[in-house]
Amino acid sequence: MAKTKNEDKVVTCCEATRQMLDLAKKEGIETVFDRAEKMKPCPIGADGSCCKNCAMGPCRVPPSKKEGEPAKVGVCGATAETIAARNFARMVAAGTAAHSDHGRGVAEIFLLAAKGEVEGYGIKDEQKLIQLGLDFELDVENLSIKELAIQVGERCVAEFGQQQGEIAFAKRAPLKRQELWRKNNMVPRGIDREVVDLMHRTHMGVDQDYKNITTQAARCALGDGWGGAMIATELQDIMFGTPVPGTGKINLGVLKKDEVNIIVHGHEPLLSEMVVVACQDPEMIEYAKEKGAKGINLAGMCCTANEILMRHGVPIAGNFLQQELAVMTGALDAMVVDVQCVMQALQETASNFHTKVITTNPKAKMEDATHIEFEEHDPINTAKEIVKAAIDNFKNRDKSKIFIPDISENMVAGFSHETINYLLGGTFRSSYKPLNDNIINGRIRGVAGVVGCNNPRTTDDEIHLTLIRELIKNDVIVLTTGCVAMACGKAGLLQPEAAKYCGAGLASICETVGIPPVLHMGACVDNSRILIAATALVKEGGLGDDISDLPAVGAAPGWMSEKAVAIGHYFVASGVYTLFGTTFPTLGSKKYTDYLFNGLEEEWGGKWDFEPDPLEMAKKMIAHIDKKRKALGIDKARERVLMDMEMRRELEAG
Ligand code: NFS
């Protein structure tokens with residue numbers, strides 16, 4: 001496995017990444033893996049014990065080393081638990097803001113498109129549009145599709161600035177969960193309002209009750225999962241199509257030596273959808289040929305990659321930690337970025353090669369990069385301009401610098417909630433019943449959502465893969481999104497053949513239905529699909545009456561972004577036991593961490609946990625699943641199957 005300059009630390013289990021890191025070392029190019037080694041995290045900050053919310057500090061309040069020593073407090077008297085809670089809450093606010101601003105961007109374009117003020121986008125999923133109309137209690141029967149689209153668009157945009165009442169999708173949750181939210185004042189009033197409220201109350205001298213801060217953090221996070229992120233997913237599905245399972249390829253080997261290579265990297269599919277169209281334009285292909293290329297090869301990176309893979313089968317060049325490595329192939333003509341998870345180091349890496357880094361969003365510019373702004377009224381021409389810039393850059397390649405690892409893997413992706421419903425429900429009637437039945441009879445022991453980022457503080461990809469292999473071996477079906485989904489793709493876990501790694505029960509389901517044991521459900525905003533799937537399991541019956549009753553768990557083993565904290569917190573607030581690996585941002589306060597890991601379960605049914613060892617993490621997740629099975633009275637199902645077989649044998653012997 002690849003090691004960094006320091007030589008003794010294994011940094012990745014991805015062979016393509018390893019080859020590129022060898023090259024980086026040879027050429028003296030620094031990568032995120034090197035920087036992670038050089039930059040040691042500040043232990044006080046990492047544990048959430050540093051408060052820099054005012055200029056009397058920053059104040060550091062790590063736990064006392066000597067017994068009997070009084071606990072440190074900030075200059076204002078803020079305790080370690082208040083400081084840890086504030087820092088945690090601000091991560092939730094930032095993560096919610098990121099997902100929700102993505103959702104807002106989609107909603108605004110959706111509305112423009114519905115009014116006919118922008119070309120290129122249409123309605124691909126009318127059924128889903130009608131569903132949203134029902135969610136917003138619109139007069140669906142008497143509205144034309146165009147009128148309905150306008151009203152749905154207006155309602156979605158209004159969800160962000162709404163000041164009173166409840167966001168509309170909160171009503172999608174199981175009734176018991178809604179009651180719990182209402183009782184605890186956790187239903188978001190409007191998406192932006194909860195972010196502002198949380199930023200306000202974590203300002204110096206406001207909320208000093210860590211439990212109260214955590215509750216508002218939940219209200220904010222729910223405005224992400226059941227608000228901004230869900231709006232992003234739903235409207236993208238309506239405009240670009242609800243994903244259905246399809247095949248694709250992943251890893252750096254998808255780049256092509258003799259074609260113009262373009263990578264779209266970031267998160268919002270508004271522009272990348274148009275880049276897909278522009279790359280297929282015969283005029284553009286002809287132009288590329290004129291410039292000496294055999295064609296145009298479009299690939300994705302990070303969550304944008306997941307979006308266009310699921311809807312168009314566009315290959316994925318890699319996940320978060322591979323962005324600089326894609327540039328280092330020397331064959332990347334343009335790296336087109338929008339927002340989120342784009343490393344500032346990209347431009348520096350690109351300066352060693354011919355690659356053009358093209359920024360497209362006014363919110364996310366980079367020094368020295370080329371900026372071609374996404375013109376929302378004319379997206380297709382923006383996309384063409386970008387593709388043309390990439391084609392024009394093809395001739396600037398230095399052939400002696402080209403190295404593309406010959407490594408890629410096949411995968412199946414695009415398991416939306418709707419397709420799970422259909423696939424596992426059979427052809428006569430779409431329903432979750434067969435899935436519920438298989439959970440009840442024990443063929444499927446439970447469900448795990450394993451999501452999130454890659455973090456160079458742990459061996460790249462390995463933490464996810466070890467955890468997921470262990471889960472499927474124990475008959476736990478895995479739902480995945482984001483960069484974990486890509487790690488699974490690279491390792492071949494997104495193929496039906498991966499059934500060979502499963503326990504007998506899960507393997508039999510995968511073989512019968514023809515699905516992989518790990519279902520790729522999309523980008524990080526699509527974690528909202530997992531909420532909907534969990535709700536559908538509850539509503540189908542037989543598995544309790546709330547998400548917290550399900551034999552289900554969530555994990556982000558290699559998380560790094562604030563978005564991951566927001567996601568984790570809305571899962572916890574939705575009733576899910578959720579584990580983080582790598583590090584946990586409140587460990588400096590034992591009291592606060594104990595509240596998140598133990599105290600919350602009684603109040604919300606869900607709770608947080610931290611476990612850096614993936615095998616231990618799997619053990620905890622399976623133990624929780626078994627605990628829930630027991631509470632549902634279905635823990636004996638497995639034994640019953642065995643008894644039946646024994647009885648049959650006895651009968652046969654008799
Ligand atoms: Ni999610 Fe997507 Fe990846 Fe992490 Fe970044 S790309 S939104 S934040 S690193 S999974």
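Counting convention: from 1, in listed order, for ligands and their atoms alike.
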**Item:** Passing candidate, side chain to side chain contact (heavy atoms under 4.5 Å, CB included) with L271, options I386, V276, I109
**Value:** I386
**Asked** Counting heavy atoms only, which part of Q340 comes closer than 4.0 Å to ligand 1: side chain, backbone, both or neither?
**Response** neither
**Message:** Can you classify the ring geometry of F597 versus F584 as parallel (below 30°), tilted (30 to 60°) or perpendicular (above 60°)?
**Reply:** perpendicular
**Request:** Fit a plane to each ring of F580 and W559, take the angle between them on a 0 to 90° scale, and name the class: parallel (under 30°), tilted (30 to 60°) or perpendicular (over 60°).
**Result:** tilted
**Item:** Neighbouring protein N, O or S atoms of atom 4 (Fe) of ligand 1 [cut-off: under 2.8 Å, no waters]
**Value:** C453 SG
Can you give each donor-acceptor pair under 3.5 Å made by side-chain atoms of residues 296-305, sequence neighbours left out, with the distance rounded to 0.1 Å?
| from | atom 1 | to | atom 2 | distance (Å) |
| --- | --- | --- | --- | --- |
| N297 | ND2 | V254 | O | 3.0 |
| N297 | ND2 | N261 | OD1 | 2.8 |
| T304 | OG1 | G266 | O | 3.0 |
| T304 | OG1 | H267 | N | 2.9 |

**Asked** Partners of F240 by ring-ring contact (aromatic ring centres under 6.0 Å, His included), sequence neighbours excluded?
**Response** Y121
**Complete:** min-distance protein heavy atom vs atom 7 (S) of ligand 1 -> H267 NE2, 2.8 Å
**Item:** Inter- and intrachain pairs under salt bridge (charged side-chain N to carboxylate O under 4.0 Å, His left out), touching residues 318-327, at least two apart
**Value:** R35-E324
**Request:** For K40, look at atom NZ and say whether over 12 heavy atoms of other residues, nucleotides or ligands are found less than 6.0 Å away.
**Result:** yes
